[in-house]
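Following: one structure in structure tokens, then a few remarks.
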Amino acid sequence: MASPAVSLSWNSSSWLNNCTLTRNTNEGIKISDKSSAFVILAQKKAQKTRMIILTEDVTDVGKKGQLLDVKAGFYRNFLHPTGKARIVTPVLLKEMKIEEERIEAEKKWAKEEALQLARIFETVGAFKVKRKGGKGKQIFGSVTAQDLVDIIKAQLQRDIDKRIVSLPEIRETGEYIAELKLHPEVSAQVRLNVFAN
């Protein structure tokens, strides 16, 4: 009894003896036999690009969370080993969508909080600042952003950062307006009454 490999070899070689090969440039190679004909098409080239999502900012490539097509070698040799990107999958896209919704909700909540704080500052009226007086309307020293932060903390029990306070230069008694940048889209104006002891 002959082995399958030997019989396969004998069958394929006898089949090739009966076949004629013709080359057609558009369709590939046609093999015609007296009994049947079929076409062998060339295989597609290997995938040269990968659809990825960046997990952190990469200079000259993109920002975190961005979907990109990059060359397979760039992903394999640089982005993947350093953990800066992941290949896009349906599960990953779903996670990204959930993360974006969470971030949007946080931004919306922060804006609403800033609007509420702005309403509180505008309904309070004027904050009174006492300073040691000099000649006429002059005061010793000046009123700084930290002074305003301390007054707001004492009167409203609200902690704010002094970096969001913009004050004009205050070296005399009188009424002034300070601006608090509570959110990129929300700012509040606060009145200050400066008077000398």
Side-chain angles (χ1 to χ4, degrees), residues 4-5 8 12 21 23-31 38-122 142-154 156-169 177-190:
L8 179 63
S12 61
L21 294 173
R23 181 174 279 286
N24 193 345
T25 56
N26 293 339
E27 298 173 5
I29 298 175
K30 267 190 179 180
I31 299 177
F38 62 92
V39 177
I40 300 174
L41 295 177
Q43 292 181 338
K44 291 183 180 179
K45 289 186 176 179
Q47 188 178 6
K48 300 253 180 175
T49 62
R50 301 271 182 182
M51 186 69 155
I52 61 153
I53 191 156
L54 295 175
T55 55
E56 60 185 73
D57 291 350
V58 180
T59 49
D60 299 331
V61 177
K63 300 254 183 219
K64 179 180 179 178
Q66 192 174 356
L67 290 170
L68 296 172
D69 271 334
V70 296
K71 296 214 173 186
F74 180 57
Y75 171 76
R76 182 179 59 245
N77 297 326
F78 175 69
L79 294 174
H80 181 65
T82 57
K84 295 183 179 190
R86 293 170 60 188
I87 291 184
V88 174
T89 61
V91 173
L92 187 61
L93 285 175
K94 192 173 183 179
E95 288 175 6
M96 290 295 294
K97 186 177 177 184
I98 291 170
E99 182 71 16
E100 286 175 10
E101 290 172 357
R102 186 187 62 78
I103 290 170
E104 281 297 317
E106 281 182 7
K107 286 181 182 177
K108 187 177 178 182
W109 178 82
K111 185 177 179 181
E112 288 173 2
E113 185 82 13
L115 283 170
Q116 185 181 21
L117 198 56
R119 281 191 219 104
I120 290 171
F121 284 135
E122 290 172 2
S142 64
V143 178
T144 62
Q146 185 62 48
D147 295 329
L148 180 59
V149 168
D150 293 339
I151 292 167
I152 291 171
K153 171 89 172 163
L156 299 176
Q157 288 79 35
R158 296 277 183 164
D159 285 326
I160 60 168
D161 190 6
K162 71 177 185 179
R163 293 176 287 188
I164 67 169
V165 177
S166 63
L167 278 174
E169 189 173 316
I177 294 178
E179 186 175 357
L180 303 174
K181 191 79 172 165
L182 302 170
H183 187 269
E185 299 172 13
V186 179
S187 61
Q189 298 204 342
V190 176

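This is a predicted model, so every value here is computed, not measured.
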Would you sort out whether L79 and R50 count as a side-chain contact (heavy atoms from CB on, under 4.5 Å), showing the intermediate values?
-> CA-CA 11 Å; L79 294 174; R50 301 271 182 182; over 6 Å; no
Return yes when atom CZ of R102 has more than 12 non-hydrogen atoms of other residues, nucleotides or ligands closer than 6.0 Å, and no otherwise.
-> yes
Between V88 and I52 the two heavy atoms that sit nearest each other are CG2-C, 3.5 Å
Here the gap from M96 atom CE to I103 atom CD1, rounded to the nearest 0.5 Å, amounts to 8.0 Å
Got a second to check how far F121's CZ is from L156's CG, nearest 0.5 Å?
-> 6.0 Å
Would you give the length of the straight line joining atom OG of S187 to atom CG of L180, rounded to the nearest 0.5 angstrom?
-> 8.5 Å
Atom pair CD1/CG of I160 and L117 - distance to nearest 0.5 Å = 7.5 Å
K153: partners by side-chain contact (heavy atoms from CB on, under 4.5 Å), with sequence neighbours left out = D159
Non-neighbouring partners of E169 that pass salt bridge (charged side-chain N to carboxylate O under 4.0 Å, His left out), sequence neighbours left out = R171
Heavy-atom closest contact (L54 atom, A85 atom, distance) = CD2-CB, 4.1 Å
CD1 of I53 to CZ of R86: how many Å apart, nearest 0.5 Å?
-> 8.5 Å
Which atom pair, heavy atoms only, marks the closest approach of I164 to D161?
-> CG1-O, 3.0 Å
For residues 62-77, please give each side-chain donor-acceptor pair under 3.5 Å, one per line with the distance, not counting sequence neighbours.
residue	atom	partner	partner atom	Å
Q66	OE1	K63	N	2.9
Y75	OH	H80	ND1	3.1
N77	ND2	G73	O	3.1

How many angstroms lie between NE2 in H183 and CD in E112, if you round to the nearest 0.5 Å?
-> 10.0 Å
Looking only at heavy atoms, the pair that brings L148 and A178 closest together is CD2-CB, 3.9 Å
Quick one: does L92's side chain get under 4.5 Å of P90's, heavy atoms only?
-> no
Nearest heavy-atom neighbours spanning A118 and V186 = CB-CG1, 4.0 Å
In short, L167 meets A145 closest at the heavy-atom pair CD1-N, 3.5 Å
